[in-house]
Amino acid sequence: MKKHNFSAGPCILPQKVLKQASDAILNFNDDSLSLIEISHRSKPFVEVMDKAVSLVKELLGLPKGYSVLFLQGGASMQFLMASYNLMKIDGKAAYLDTGTWSSKALKEAKLFGEVNVVASSKEKGYNYIPKGYTVPSDVDYLHITSNNTIYGTQLKGFPKTDRLLVCDMSSDIFSRQVDIAKFDLIYAGAQKNMGPAGATLVIVKDTILGKTGRQIPSMLDYQIHIAKESMFNTPPVFAVYVSMLTLQWLKDLGGIAAIEKRNEEKAALLYAEIDNNPAFVGFAAKEDRSLMNITFTLADQKNQEKFDKLWNDAGINGLKGHRSVGGYRASMYNALPLESVQILVNVMKQIN
Ligand SMILES: *Cc1c(COP(=O)(O)O)cnc(C)c1O
């Protein structure tokens with residue numbers, strides 16, 4: 001039976017990519033060797049890494065002066081690497097607290113210096129994005145989370161600040177057009193919209209580095225990874241390869257402008273059902289609704305058993321909400337086809 005994969009992460013990947021990736025596990029480059037048993041310094045793999053980096057640059061329209069890295073440790077490692085590399089000794093940082101991931105990020109930053117939470121939507125269960133806050137002029141950087149995977153909220157615009165702007169884009173990178181030049185550091189765990197778990201994408205403006213006065217352990221030092229072109233140690237070869245294939249798939253589809261349009265269509269379809277069907281209630285404030293993760297609950301819990309059976313029977317996977325929010329969450333990353341959203345909406349129409 002065909003599955004409709006609404007999983008929040010690791011997430012759906014294009015079927016074509018999964019097929020190419022499984023072929024490469026057995027026989028990479030027609031060389032009768034597996035992708036995962038050859039040297040990461042061999043020409044075929046160095047080409048994979050170079051291709052992945054150049055696709056990131058091309059798809060995002062990256063201006064000059066930025067480096068692209070594929071690291072390990074997930075976005076969670078970036079919570080501390082960002083602070084380690086950007087917060088001066090006795091420095092300060094500002095954080096916009098929009099959910100679990102931003103609170104985890106700011107917790108790590110507190111190990112390195114003073115953290116100023118410029119605004120938080122915690123008191124409302126993180127169902128909106130705070131606006132109209134001011135960023136202190138003496139902080140080393142402002143950290144934001146562009147899409148809140150768990151709550152289904154998304155920043156529609158980015159704060160204007162003369163401080164460095166750091167963004168966790170784990171769950172919406174490559175899903176919509178963004179002016180990269182506004183950012184100084186972007187990071188994203190691959191497993192939300194780019195590839196399998198194991199690789200973390202880091203995009204960093206070169207001129208901001210090396211200014212903290214800190215001694216940074218090699219594995220946590222962006223400058224070392226830049227100098228070694230993400231090969232300071234063995235990179236996560238499979239995750240980088242599959243990410244490269246997914247980025248190539250995205251390029252062939254017409255790039256970010258094309259996928260953004262599709263993502264908007266998918267989200268509009270589901271939000272319309274949530275708004276028009278009295279059996280469902282949306283979780284996030286309307287103006288802050290995410291295109292990637294759509295959170296909702298049943299208006300009446302008596303429908304839960306029926307609804308759960310219907311979507312399970314329809315082959316829908318991964319619709320359960322995060323344990324901290326409850327209800328339902330439909331994650332609609334790039335590779336999820338419109339057809340899957342249509343199936344979900346058809347199931348919802350049977351509850352009213
Ligand atoms: C999933 C997620 C993370 C954590 O990613 P890991 O790679 O598991 O560390 C961080 N930030 C956001 C926005 C996420 O969606």
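Just so you know, ligand 1 is whichever comes first in the structure, and atom 1 is the first atom listed for that ligand. Heavy-atom basis, side chains included; hydrogens, waters and symmetry copies ignored.
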Chemist: For the residue pair Y84 and F112, does the interplanar ring angle fall in the parallel (under 30°), tilted (30 to 60°) or perpendicular (over 60°) class?
Modeler: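 The arrangement is tilted - the two ring planes meet at 30° to 60°.
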
Chemist: Tell me whether D288 is salt-bridged to K131, with the criterion being a basic N under 4.0 Å from an acidic carboxylate O.
Modeler: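 The answer is yes: the pair qualifies as a salt bridge.
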
Chemist: Is any side-chain N of the basic residue among E305 and K309 closer than 4.0 Å to the acidic one's carboxylate O?
Modeler: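 No salt bridge links E305 with K309.
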
Chemist: Please output the residues near ligand 1 using a strict heavy-atom distance under 4.0 Å, listed in chain and residue-number order.
Modeler: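 For ligand 1, the residues that come within the 4.0 Å heavy-atom cutoff are G74, A75, S76, F79, W101, T145, N147, T149, D168, S170, S171, Q191, K192.
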
Chemist: Students often mix this up, so state it plainly: with edges at 30° and 60°, are the rings of H143 and Y187 parallel, tilted or perpendicular?
Modeler: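 The arrangement is tilted - the two ring planes meet at 30° to 60°.
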
Chemist: When the aromatic ring centroids of F307 and F280 are compared, is their separation below 6.0 Å?
Modeler: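 Close enough - the centres of the two rings lie under 6.0 Å apart.
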
Chemist: Tell me, please, which residues at least two apart from K88 pass salt bridge (charged side-chain N to carboxylate O under 4.0 Å, His left out).
Modeler: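 Applying salt bridge (charged side-chain N to carboxylate O under 4.0 Å, His left out) to K88 gives D140.
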
